[in-house]
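Computed from a predicted structure; not experimentally measured.
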Amino acid sequence: MNAPQAVAFDISAVCSGGLYGIAIGCQFIETGMYKNVLVIGADTFSTITDWERKDSVFFGDGAGAILLSATTEDKGFFDFKLHADGTGKYHFNIPAGGSEMPASEETLKQKLHYFQMNGKEVYETATRVLPETIEEILEANKMTSDNVDWVIPHQPSIRILQETARKTNIPFEKVMTNMDKYANTSGGTIPIVLDETYKSGKVKPGNILLFAAVGSGWTWGTALYKA
């Protein structure tokens, strides 16, 4: 039976969506099912933001795409560590609009169709799970933080990334950021940061790139890539 020429699927992992999509796309290629996979990350948080809340400044709209292709060269993604834990679903969610709380005049009045975030829980969870999964993937590949040339992270906040870098002994100058320009673009972040890092000329052949993301729910993970 011949594989279909094209397929499309959606991944709902919010801020970790880009990384989850890359991992799934790489598996399609590794099994031989497809030779090329286009991973698209895009979010429009402006449509679910209550601009009267102080946490509205954390998020922006953005989209990016990564084309994955089969190769025989000594480069590309070579490991992933993905995790999920549903106990955090109420620390970052949109209360209304789904089957649990259908849209009504009352939910609109109460602004329950905007995201609600427990900033303290997001920070504490992110600064715990990101260092853990970074250490997990480095140890699994017999590497240390010294082997990492660049970190391509989702952009939760500067404080989260600074604390993650401190806990993993990665110099912060290796951590690529763009939230000063676009804020947190959620699922679009990793493709955008990767594109900007390559265009800057920082990435050289043989460099090791560490990808990391954490999202609501909770979802989180890491990946290693050889340029």
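With a 6.0 Å radius and a threshold of 12 heavy atoms from other residues, nucleotides or ligands, Arg53 has its CZ atom above the threshold.
Of the N and O atoms on the side chains of Glu136 and His83, at least one donor lies less than 3.5 Å from an acceptor on the other residue.
Thr31 places a side-chain N or O within 3.5 Å of a backbone atom of Phe28 that can act as its donor or acceptor partner. Remark: side-chain polar atoms of Ser145 are paired, donor with acceptor, to backbone N or O of Asn169 under 3.5 angstrom. Looking at Asp149, its side chain does come within 3.5 Å of a backbone N or O of Ile208 through a donor-acceptor pair. In this structure, Gln155 contributes its side chain and Pro153 its backbone to a donor-acceptor pair below 3.5 Å. The closest donor-acceptor contact from the side chain of Thr177 to the backbone of Met179 lies at 3.5 Å or more, if one exists at all. Under the 3.5 Å distance criterion, the side-chain polar atoms of Thr107 are left unmatched by any main-chain donor or acceptor of Ala103. Between the Ser200 side chain and the Thr197 main chain, a donor and an acceptor come within less than 3.5 Å of each other.
Among pairs with a residue in residues 164-177, those fulfilling salt bridge (charged side-chain N to carboxylate O under 4.0 Å, His left out) read Glu163-Arg166, at least two apart in sequence or across chains. The list of ring pair (Phe, Tyr, Trp, His ring centres under 6.0 Å) pairs with a residue in residues 96-125, not counting sequence neighbours, reads Phe45-Phe115, Phe59-Phe115, Phe92-Phe115. Contacts classified as salt bridge (charged side-chain N to carboxylate O under 4.0 Å, His left out) and involving residues 183-207 (residues at least two apart or in different chains) are given here: Lys181-Glu196, Asp195-Lys199.
Note: Ile22 CD1 to Leu194 CG = 7.5 Å, rounded to the nearest 0.5 Å. To the nearest 0.5 Å, atoms NZ (Lys35) and OG (Ser69) are separated by 11.0 Å. From Thr222, atom OG1 reaches atom CD1 of Ile152 across 13.5 Å, with rounding to the nearest 0.5 Å. Atom CG of Leu138 and atom CG of Leu224 lie 6.0 Å apart (nearest 0.5 Å).
Qualifying salt bridge (charged side-chain N to carboxylate O under 4.0 Å, His left out) partners for Glu73, counting only residues two or more places apart in sequence or in other chains: Lys75. Partners of Lys226 by salt bridge (charged side-chain N to carboxylate O under 4.0 Å, His left out), not counting sequence neighbours, listed by chain and number: Asp74. In this structure, Asp85 has no salt bridge (charged side-chain N to carboxylate O under 4.0 Å, His left out) partners at least two apart in sequence or on a different chain.
We find that Arg128 and Glu124 are not joined by a salt bridge, their nearest charged nitrogen and carboxylate oxygen being 4.0 Å or further apart.
Under the 30°/60° scheme for interplanar angles, the aromatic rings of Tyr225 and Phe211 are found to stand perpendicular.
Using a 4.5 Å heavy-atom cutoff, the side chains of Asp43 and Asp61 are not in contact.
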